[in-house]
2 protein chains.
Amino acid sequence: MTENAPKFRREPAEQRKEALILATLSLIAEKGVRGATVREIAKRAEVTQGLIRHHFSSKEDLITAAYEHHMRHMTNLTAARSATAHASCRLRLAAFVEAGLKPPVLDSRSVSLWASFLNKVREDARMQAIHEQTYHDFRDRLEVLIADALKEAKITTTAQHLRELAIACNAVIDGLWMEGGALPGAFEPGELPRIGLRSVGAIIGVELEAAEGQT
Amino acid sequence: MTENAPKFRREPAEQRKEALILATLSLIAEKGVRGATVREIAKRAEVTQGLIRHHFSSKEDLITAAYEHHMRHMTNLTAARSATAHASCRLRLAAFVEAGLKPPVLDSRSVSLWASFLNKVREDARMQAIHEQTYHDFRDRLEVLIADALKEAKITTTAQHLRELAIACNAVIDGLWMEGGALPGAFEPGELPRIGLRSVGAIIGVELEAAEGQT
DNA sequence: TCAGTAATTATGCAAGTGTATAATTAAACG
DNA sequence: CGTTTAATTATACACTTGCATAATTACTGA
């Protein structure tokens with residue numbers, strides 16, 4: 001008879017874990033947290049639901065892991081662009097701001113994903129820790145870029161003032177990112193990066209221009 | 001025997017509806033959308049769950065009504081402060097910015113409430129309409145205040161530029177509001193309003209100071 | 001005072017939820 | 001090739017969910 005057609009494939013734990021995390025993220029982005037049930041996640045990852053419990057001690061665990069994965073991904077995506085060599089510190093900062101306000105970082109799905117997670121932040125302590133950490137990580141990178149740009153422009157400042165500038169610029173980026181993601185179509189293409197650059201520039205007192213060579 | 005102790009009280013429809021909406025909002029703020037089940041809502045409103053279906057055609061209907069109620073409330077709360085007579089347009093704008101970054105508008109519960117709703121915005125068309133409307137309503141009020149402040153400072157501008165200023169300032173306020181609500185304790189008291197005023201001032205090119213006479 | 005009516009309760013159900021547990025089975029190893 | 005082990009499936013259970021339906025009950029107006 002027809003015999004050894006293997007009924008499933010065994011994957012290394014880390015690989016399967018990531019597959020489950022990715023399935024979770026895409027599902028939350030599509031249907032919200034409510035739509036991300038263990039059964040749906042399993043179906044999307046093409047496994048049976050029991051496997052989730054085998055790799056994660058609970059669904060909450062999977063959600064937490066997915067959150068961490070997503071936030072890390074977003075920060076990396078934004079920072080990567082500014083890490084590529086630029087002529088000046090000013091351009092590096094500009095690239096950072098721009099990257100955060102264009103796809104793939106600025107994306108309707110990412111925003112609703114982020115909003116979905118935010119609810120759980122107040123309930124779960126681990127979620128709160130991740131949130132706090134990723135927020136500060138992002139803001140600290142921004143602060144370094146701002147400090148460099150100011151030094152380059154020969155503007156002196158205090159630590160306290162620098163902190164406030166970082167908070168403000170972070171808020172601009174976050175706010176524009178959110179609105180752009182929550183209301184796609186309400187802004188013309190290229191409008192948000194342009195506004196972001198002008199605003200951040202105005203706040204820190206250094207005129208910023210688009211970092212050329214990016215699509 | 002002990003007789004006519006009425007087993008429940010009949011309330012006018014509008015009043016009971018609002019009571020149910022308020023119960024829903026407080027519940028979502030506390031436990032997230034997930035925790036806002038019909039049974040819990042009914043318990044908090046001190047009625048039985050069947051009543052919800054009697055006043056709202058579905059739970060989705062109740063959620064939508066609660067969203068509209070909340071957003072309207074937030075916008076009014078922010079705008080109210082700037083509507084009270086101020087010496088100058090600059091002060092009116094300052095009061096608007098400040099009000100959005102202090103309690104009761106800036107509040108951990110409000111932020112998570114807002115985040116909870118945001119997920120539903122992509123699924124439900126009515127939710128999306130409400131979101132769009134409240135966003136533009138808020139931004140339009142801001143734009144008027146900015147326009148007045150600029151005129152007062154004898155700064156001329158174009159409609160396009162004015163639009164972009166409003167978007168930027170809105171983003172600053174939203175961003176700071178979000179971060180302050182999501183990370184209570186990460187900012188010193190009074191820090192966010194101060195940063196908000198400086199940033200909005202820097203963006204539009206008009207120095208703003210705290211509108212005195214507010215607690 | 002006494003029906004009439006709409007608000008409210010009481011009860012139940014079908015579907016979906018996360019999770020536990022035992023039975024399979026693919027792969028690694030000697 | 002046979003054994004072992006962990007990945008994976010299969011099945012079931014207890015619980016919650018939103019919703020429907022029928023039975024009560026407080027209020028109103030003639």
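Below, chains carry the letters A, B, ... as their sequence lines are ordered, and counting in each starts from 1. For the numbers below, each heavy atom of this structure counts, side chains included, while hydrogens, waters and symmetry mates do not.
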Consider only side-chain N and O atoms of B/Glu164 and B/Gln160, and report whether a donor and an acceptor are under 3.5 Å apart. yes
Nearest-angstrom distance from the residue atom CD1 of A/Ile41 to P of C/dG16: 17 Å
Rounded to the Å, how far apart are A/Gln15 CD and D/dA7 C1'? 13 Å
Any donor-acceptor pair under 3.5 Å between the side chain of A/Arg39 and the base of C/dG16? no
Report the residue (A/Arg10 or B/Ala36) whose heavy-atom-nearest nucleotide on DNA chain D is the more 5′ of the two. A/Arg10
Once you measure the plane-to-plane angle for B/Trp114 and A/Trp114, does it fall in the parallel (<30°), tilted (30-60°) or perpendicular (>60°) bin? perpendicular
Earlier contact from the 5' end, DNA chain C, for A/Arg9 and A/Gln49: A/Gln49
If I take atom CG in residue A/Asp61 and atom C1' in nucleotide C/dG18, what distance separates them, rounded to the nearest angstrom? 14 Å
Between CZ of A/Arg34 and C1' of C/dA15 the distance, given in whole Å, is 13 Å
Side-chain (A/His131) to main-chain (A/Met127) donor-acceptor, under 3.5 angstrom: no
Side-chain N or O of B/His55 versus OP1/OP2 of C/dT8: is the shortest distance under 4.0 Å? yes
Nucleotide nearest A/Ala13 (side chain, heavy atoms from C-beta), chosen from D/dC19, C/dG18, D/dA7: D/dA7
Under 4.0 Å between any heavy atoms, over every strand shown, what does A/Thr48 touch: base, sugar-phosphate, or nothing? Just pick one. base
Polar side-chain atom of A/Thr75 near backbone of A/Arg72 as donor-acceptor pair, under 3.5 Å: no
Write down the distance between CG (B/Leu62) and C1' (D/dC19), rounded to a whole number of angstrom. 14 Å
To the nearest Å, give me how far apart CG (B/Leu51) and P (D/dT25) are. 16 Å
Looking at A/His54, I'd like to know whether one of its side-chain N or O atoms comes within less than 4.0 Å of OP1 or OP2 on D/dT8. no
Roughly, in whole Å, what's the span from CZ in A/Phe56 to C1' in C/dT19? 16 Å
D/dT8 OP1/OP2 closer than 4.0 Å to side-chain N/O of A/Arg16: yes
With DNA chain D as reference, determine whether B/Ser58 or B/Phe8 sits nearer its 5' end, using the nearest nucleotide of each. B/Ser58
In whole angstrom, give the distance that lies between atom CD of B/Glu40 and atom P of D/dT17. 7 Å
Is there a side-chain contact between A/Phe56 and A/Thr64, using heavy atoms and a 4.5 Å cut-off? no
Starting the side chain at C-beta, find the nucleotide from D/dT17, C/dA26, D/dT9 nearest to A/Pro6. C/dA26
